[in-house]
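Just so it is clear, the structure is predicted and the values come from calculations on it, not from any experiment. Convention: sequence-line order gives letters A, B, ...; per-chain numbering from 1.
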There are 2 protein chains.
Amino acid sequence: MKKEELLKKIGEQIRVIRIEKGLTQKQLAHLIGKDQQSIQRLEAGNINPSYIYLCEIANGLNVSLLDILNRLSA
Amino acid sequence: MKKEELLKKIGEQIRVIRIEKGLTQKQLAHLIGKDQQSIQRLEAGNINPSYIYLCEIANGLNVSLLDILNRLSA
DNA sequence: ATATCGCACAACGGATACGTTGTATTGAAG
DNA sequence: CTTCAATACAACGTATCCGTTGTGCGATAT
């Protein structure tokens with residue numbers, strides 16, 4: 001699977017979960033000490049986030065990283 | 001959970017799986033177009049690998065990233 | 001003794017992530 | 001119409017990743 005597709009997919013999944021939780025990009029960003037633009041780039045698949053970054057996102061969304069990845073295959 | 005602990009844990013888990021598969025650091029590295037030192041730093045928890053990097057590692061180990069993360073909690 | 005293999009650590013450089021600022025668009029609210 | 005919230009994109013600087021080279025150390029074998 002191509003790199004860009006992987007990044008797009010996980011970005012989209014993060015967006016879905018964020019919206020399910022009723023959060024804006026800005027709110028999620030501030031929950032984990034980042035800013036809105038960072039979340040935007042992540043959701044758009046424009047960056048290749050680090051493991052720690054993904055853990056922080058999962059934390060802000062109040063789910064586990066496993067949950068996020070599990071939902072990718074579904 | 002602290003960043004260093006997270007990196008150490010996933011590094012150790014990757015090492016366990018690599019050894020289960022009977023691979024050396026060098027062999028795993030070459031399977032995915034990297035070098036032995038990169039694997040060493042990853043396993044030692046000295047780097048914060050990107051999502052794509054983790055996908056490549058999982059690929060080289062012939063498991064899914066989900067498998068690796070699943071075994072972290074166990 | 002020396003060669004080889006697996007693993008560890010340090011340093012350098014190019015590439016990239018990510019925080020920040022600035023700006024544009026869209027839609028809802030007043 | 002104006003205002004504000006939410007999202008998107010671009011550019012810049014700093015920090016970090018990761019590939020690479022070189023070095024070392026222990027274990028095993030010849």
Roughly how many Å is it from [atom1] in [X] to [atom2] in [N], rounded to a whole number?
X	N	atom1	atom2	value
A/I52	D/dC18	CD1	P	12 Å
A/L7	C/dC18	CG	P	11 Å
A/E43	D/dA6	CD	C1'	12 Å
B/I57	D/dC17	CD1	P	15 Å
B/Q36	D/dG24	CD	P	16 Å
A/I47	C/dC18	CD1	C1'	7 Å
A/Y53	D/dC17	OH	P	15 Å
B/E12	C/dC7	CD	C1'	16 Å

Quick check on [N]: is either OP1 or OP2 less than 4.0 Å from any side-chain nitrogen or oxygen of [X]?
X	N	result
B/R15	C/dG6	no
A/K26	D/dA6	no
B/Q40	C/dC9	yes
B/T24	C/dG6	no
A/S38	C/dC18	no
A/Q25	D/dA8	yes
A/S50	C/dC18	yes
A/R18	D/dA6	no

Do B/Q25 and B/Q36 have a side chain donor and acceptor closer than 3.5 Å? yes
Would you say the side chain of B/L65 lies within less than 4.5 Å of the side chain of B/N59, judging by non-hydrogen atoms? no
pair A/L6-B/C55: side-chain heavy atoms closer than 4.5 Å: yes
Does B/L7 share a hydrophobic cluster with B/L72, counting links as ILVMFWY side-chain heavy atoms below 4.5 Å and allowing steps through other members? yes
Do other residues, nucleotides or ligands put more than 12 heavy atoms under 6.0 Å from B/D35 CG? yes
Ignoring hydrogens and geometry beyond distance, is the side chain of B/Q37 in donor-acceptor contact with the base of D/dG22 at under 3.5 Å? yes
On DNA chain D, compare the nucleotides closest to B/G33 and B/N46; which residue's is nearer the 5' end?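 Between the two, 5'-proximity favours B/N46.
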Taking the minimum atom-to-atom distance to the side chain of B/R41, which one of C/dA17, D/dT21, C/dA11 wins? C/dA11
